[in-house]
Amino acid sequence: MRLTALIAPLCLALATLGAQPAMAQSGQPAGEDVVISEGVLRDLPIAIAPFQGPRGQEIAQVISANLERSGFFDPIDPAAFIQQNPGVDVEPQFAQWTQINAQTLLVGQVNVDGDGRLRVNFRLWDTVQQTQLLGFQFTSTPENWRRVAHKISDAVYQRLTGELGYFDTRIVFVAEDGRGPNRTTRLGVMDQDGFNPSYLPATDAIVMTPRFSSTHQRVTYMALGEDYTRIYLLDLETGRQESLGEFEGVVFAPRFSPDGRRIAFSLERGGNSDIYVMTLQGRQLTRLTSDPGIDTSPSFSPDGSRIVFNSDRGGRPRLYVMNADGSGQRPISSGSGNYHTPVWSPCGDMIAFTKQQGGRFHIGVMNASGGGERILSSSYYQEGPTWAPNGRYLMFFRGEAGESPHLWITDVTGRILRPAPYGGAASDPAWSPLLDPPAADFGGAVGASGGSCLAAGG
Amino acid sequence: MTTSPFKTTAIVVAAVAMIAAAGCTRRTPPPTPVDPGTPSQPTTPTGPSVPTGPVDGAVIPGSVRDFTINVGDRVYFDFDSYSIRSDASRVLAAQAGWLSRYPQVQIRIEGNADERGTREYNLALGARRAEAVRSFLIANGIPASRIDTISYGKERPIAFGSNEQAWAQNRNAHTTITGGAPQ
């Protein structure tokens, strides 16, 4: 079986490792054991043993860095390990792991098959209960070893937090060079951990606001030339791109509908920006707002039934919600300050936004019905939050006065706030969906088929 | 053969199945070259009444330099506002007078915003500013067919800096001559 496209969900069977003779454990979740719940502020100590075999050490390092960045885990320094090179098919010396406070232990083994493919076995152990929490095997072409590490990270994250993982994902963003009048921009795509960045060549146009389709490896973005604005559709697999169409007036702020079949965007006519939606097949254009105020930054609810957007119709920029056909427009933000760039959570329960207040910019979240506002990050300038597919993390871009912007990550509780693992100047990040659905039921509140979110209805 | 720089290498984590093997193969379509889209060309100057080129660096009446130096090609706005200020209306009245004298000239009005706003909102704000200037010129006798507008939002600032002076310069509408006048 050789899978070559990211376009469709990966048709993936994955192996459950057989239990050890002494261990009558299946690879399936066990029951009450180590599960992180919200409100537990201590990070879970986890020992990630270097996987044995080729690339084994690097795979373990990628997993360790992923889990550490999530803010839920405290990977133990391998220098502290007492048991060296624990095998994947041998029961670990549990006492030697509990002695260094490793409540959980990940071990793995990489083998190279006859056709050159990597076969990676891994087991996650609860060292206190002395039970196996996970035992699976992935195979992959050798160059995809980082993706194997991300998928194992997702399995561990999901098993121990009960939430869907988010490591096997990519980020599309705008790479920035120079500042002010000398600024140039390129579209970039990288893994969520900043590796494997690649770029489209720079053109005379400024590229802005790339966004992923939720169902395809497809991106929409805006290009601003000297005498044109254009919304593009870019296929990441083929590199082919096309314009949404030629419009009279400025077009901007594109975003896909959840089914990937339509794009909502702003179209300006006679100085007035309104929100339209266009079908990709047939290019049918429908106007959703007609207020003389600015209407922009539309973002669909995950079920596609509603759109949150930005309007200054009430005298200053606020957030509004309408039905997907444009009916029922009403404000949802109630605080002072100026609200911008609302983005509906993939879970449906929250809306992330940018806020200007007190001469600074803030990233925050509020309930989708309004209220419950929480500010998560503040600085001289920041904007453009994008949700990780599990609805817990937000990436955005942030800078201080006179500096180029950089990518940052926070989470919905504000507990984590740190630069994203990409060193260059960058803006307008957009998080992809999981590149494949979860490969198996790794336990927790979500199952292999259980949507793309935290707990159901959460 | 060109390939997409974003293409993911042959994929993934297929898996050995000890439980069940789902056979499932997808073909990747052949890579095709990136078409970055061709910007439309600016209008070429035409018409018999076009003044001809500059001589010895002198400012030729009816030239782009004449417009920029003697009339003024940029007007400024207050924060989050698209009202034409009194200083701007004097400049725009002069622009309208000049454009009336040189009826073959085509212009593009580019609306700009300072950095204190989000990208998308500022594109809308810049469009409002461009339209405010366009409306002023039309009210002063310039045919709409001679005027294009665009918003650059905050993406093409003219001044560096994160202070009121730089912001004030970057909140503007710029009138660019796109045809009908020599440099």
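- With a threshold of 4.5 angstrom between heavy atoms, B:Tyr152 approaches chain A through its backbone and through its side chain.
- Within a 6.0 Å sphere centred on CG of A:Asp204, heavy atoms belonging to other residues, nucleotides or ligands number 12 at most.
- Of the atoms belonging to A:Val189, heavy atoms from both backbone and side chain fall under 4.5 Å from chain B.
- Across all non-hydrogen atoms, the minimal contact from B:Ile138 to B:Ala144 is CD1-CB, 3.7 Å.
- In this structure, no portion of A:Ser243 lies under 4.5 Å from any heavy atom of chain B.
- Using a cut-off of 4.0 Å between Lys/Arg side-chain N and Asp/Glu carboxylate O, B:Arg101 and B:Asp66 are scored as not salt-bridged.
- A donor-acceptor pair under 3.5 Å is formed between the side chain of B:Asn172 and the backbone N or O of B:Gln169.
- Contacts of A:Arg183 with chain B are made by side-chain atoms alone, with heavy-atom separations under 4.5 Å and no backbone atom involved.
- With respect to chain A, the highest number of heavy-atom pairs below 4.5 Å among B:Gly153, B:Gly117, B:Gly161, B:Ala127 belongs to B:Gly117.
- A donor-acceptor distance shorter than 3.5 angstrom exists from the side chain of B:Asn163 to the backbone of B:Ala166, with no hydrogens or angles considered.
- Proximity to chain B is absent for every atom of A:Pro142, based on heavy atoms less than 4.5 angstrom apart.
- There is no contact between B:Ala130 and chain A, counting heavy-atom distances below 4.5 Å.
- Interface residue B:Ile150: backbone and side-chain heavy atoms are both found under 4.5 Å from chain A.
- Heavy-atom pairs under 4.5 Å with chain A were tallied for B:Arg134, B:Glu115, B:Glu110; the largest tally goes to B:Glu115.
- Top candidate by heavy-atom pairs under 4.5 Å with chain A, chosen from B:Arg156, B:Glu155, B:Arg119, B:Glu131, is B:Arg119.
- Residue A:Phe265 forms a ring-ring contact (aromatic ring centres under 6.0 Å, His included) with just one option from A:Phe252, A:Phe247, A:Phe309, and that option is A:Phe247.
- By the 4.0 Å N-to-carboxylate-O rule, A:Asp436 lies close enough to A:Arg147 to be salt-bridged with it.
- With a 4.5 Å cut-off on non-hydrogen atoms, A:Met222 touches chain B through its side chain but not through its backbone.
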